**Q** 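I have a structure here, written as structure tokens, and I will follow up with some questions on it.
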2 protein chains.
Amino acid sequence: MNHHVATCRAELVAVLTTLQSGTPEILTVQNGACLPAGALETEHSSLQRGVRHWVEELTGFRLGHVEQLYTFGDSVPAETERLVRISYMALTRDSGDQAGWRGWYQYFPWEDRRTEGSVALLKTIERALLEWAAHEEEKLDRCRVTFGLNGESWNDEAVLERYELLWEAGLVQESPYCSAGLGERPMLWDHRRILATAMSRLRAKIRYTPVVFELVPEEFTLLQLQQAMEALSGRLMHKQNFRRLVQNQDLVSETDRYESGVQGRPARLYRFRTDNSENCYLTGAKLPLGTFS
Amino acid sequence: MNHHVATCRAELVAVLTTLQSGTPEILTVQNGACLPAGALETEHSSLQRGVRHWVEELTGFRLGHVEQLYTFGDSVPAETERLVRISYMALTRDSGDQAGWRGWYQYFPWEDRRTEGSVALLKTIERALLEWAAHEEEKLDRCRVTFGLNGESWNDEAVLERYELLWEAGLVQESPYCSAGLGERPMLWDHRRILATAMSRLRAKIRYTPVVFELVPEEFTLLQLQQAMEALSGRLMHKQNFRRLVQNQDLVSETDRYESGVQGRPARLYRFRTDNSENCYLTGAKLPLGTFS
DNA sequence: ATACATTATGCTCAATAGGAGCATAATGTT
DNA sequence: AACATTATGCTCCTATTGAGCATAATGTAT
């Protein structure tokens, strides 16, 4: 058998996330149907620069910190030229005046467990999954672990695993076997998979590096910081313990200013301690996110 | 300015790791100078299958579990065609009778902190680094944090960060400014960077998933398991506490057999509990690896 | 002005996890 | 029989963390 080196095009895909009034949002194009993407060009001196170029071209947005996610490269039988899709994650504090921002949880409503409504959705999913798994022991086990059913705990980082399980079960709209879906917004191609990968990665990352601080204002109250963590992880946490941990970590420093114009006792404003920030990214910051049922 | 879609070749690089008599080893080609690699071909139906194909072709080895690491794509000014290099990590229990296995710590001797000798090497590195950093505050800080100097703790997962720092300081042989090196074995191109990435990833992974069990025999003593963790992380740990933690995690089950032919009281053999192994990979296993000075 | 709602912040208590080391058990060697 | 050597069980102490009570400081309704 002869072997032929494949010539390919490399496509660069970006998941740019921001926090807008308590919801994580991503920058999309084509009315929310896909992520900004474009081909690697000879003019791009590196992959990262290619990503920056395309996001700026398509949305006018200049990226800050960028991180590689995953490279997909399955061959499509019909096509002659090979496509390698390299995905990136980026964060930004201010969403600017761009259009095209969409909430994470429009695409993954079951990932937001902060509201009462989420319980109902999870019940629906549970019923549908159990019906799909029928009485196959192995499938049932996967459902239990992945969705935290039956006393198993919910792992907020398993976004991709949950999406893939729902795909297999024909419960998401991209699935070829899907009839109705779960009221979520779908995406073209595998872009929702890529978004899931980005969510997983970010949820993992906020636990042990101080990346949250790239998403909140320069000065913030501890409640705002907590709510940012909650929005990203999709779960509520204990207020007093959160304060304690953040303060013990020496990650923030007090200012002498307070929040104004709200109900109740005004909250003190804090800022991220930039003097040891460089270090934290390496040595770890351990923001708390405990476990729950 | 005109833009041109770049045609590229995709190269697949594999870091295959095994444990051989208490040392992590990788499979190499060209007398240890590089990692097995090859171009993505039209016949490969997926990137993973391409990796498997090349490793088998070059070394006769069939891969088990494979995981993607990172994709490199910087353009080389001189070349017309673009090269995208996609790297993978794989593990295997038995090294077979292949040649080409080399110890991790030949390439990264400073990453092995189990022996007394490592202290001397670290002293040498510390002196050289401090000389390089001179009195620049920022550089000194990086050195302290990255190499755990001056009371900072050693982060065993920061293999790549340490390599890059040494590269900048001209202390590793790949560096253009390097005069002598540190007695390590170099590699061609950026293959030592890729190895560093794999080591970082594996060291991170053994903490919260039960991957170690893919590197030890089916039946093992708790000391063997501990020494496997120590070999991979490059640091020694407390024996009794290790036992306690492993047993409390419900990861292993006793057999009724014992080790034979060694000094001292014979140790009981254990095996990995496969009944909930699937779950552990998702819910986490938390093997201990504490911190040390 | 006073009572009350609301949010921030300080503090306690109990359970658990993790680091360090002592004590005992079971083998081989001299 | 004494001793070296390794395995295994157990205790003590400390740090971390989950849960909730108590107090402080503001705005709002009466």
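None of these values were measured; they are calculated from a predicted model. To find a chain, count down the sequence lines: A is the first, B the second, and so on, and within it residues start at 1.
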**Q** Side-chain contact test, heavy atoms from C-beta onward, threshold under 4.5 Å: evaluate it for B/Gln247 versus B/Leu222 and give yes or no.
**A** yes
**Q** Before we go on, tell me: are the rings of B/Tyr163 and B/Phe108 under 6.0 Å apart, centre to centre?
**A** yes
**Q** Taking the nucleotide of DNA chain C with the nearest heavy atom to each, does A/Gln247 or A/Gly264 sit closer to the 5' end?
**A** A/Gly264
**Q** With respect to the side chain of B/Gln240, which nucleotide from C/dT29, C/dT6, D/dT8 is positioned closest?
**A** D/dT8
**Q** I need the CG-P distance between A/Asn248 and C/dG10, as an integer number of Å.
**A** 12 Å
**Q** Once you round it to whole Å, what is the distance between P of C/dG10 and NE2 of A/His238?
**A** 15 Å
**Q** Given D/dG20, D/dT8, C/dA26, which nucleotide is nearest the side-chain atoms of B/Pro266?
**A** C/dA26
**Q** Nearest to the side chain of A/Asn241 - D/dG20, D/dT11, C/dA8?
**A** D/dG20
**Q** What I want to find out is whether B/Arg114 reaches B/Glu230 closely enough, with some N-O distance under 4.0 Å, to be called a salt bridge.
**A** no
**Q** Mind calculating the distance between CD (A/Gln263) and C1' (D/dA25) to the nearest angstrom?
**A** 13 Å
**Q** Measure from CZ on B/Arg265 to C1' on C/dA25 and round the result to the nearest Å.
**A** 4 Å
**Q** Using atom CG of B/Leu245 as one end and atom P of C/dG19 as the other, report the distance to the nearest whole Å.
**A** 8 Å
**Q** Consider the side chain of A/Arg243, meaning its heavy atoms from C-beta on, and name the nucleotide among D/dT8, C/dG18, C/dT9 that approaches it most closely.
**A** C/dT9
**Q** Is it true that B/Glu67 and B/Arg201 make a salt bridge, defined as a side-chain N closer than 4.0 Å to a carboxylate O?
**A** yes
**Q** Nearest-Å distance, OH (A/Tyr270) to C1' (C/dA8)?
**A** 9 Å
**Q** Check this for me: does any side-chain nitrogen of one of A/Arg207 and A/Glu157 sit under 4.0 Å from a carboxylate oxygen of the other?
**A** yes
**Q** Would you indicate what A/Leu222 reaches in the nucleic acid, counting non-hydrogen atoms under 4.0 angstrom: base, sugar-phosphate, or nothing?
**A** nothing
**Q** Do any side-chain nitrogens or oxygens of B/Lys239 fall under 4.0 Å of OP1 or OP2 in D/dA7?
**A** yes
**Q** Measure the distance from CZ on A/Arg268 to P on D/dA25 and round it to the nearest whole Å.
**A** 11 Å
**Q** Rounded to whole Å, please give me the gap between CD in A/Gln249 and P in D/dA15.
**A** 15 Å
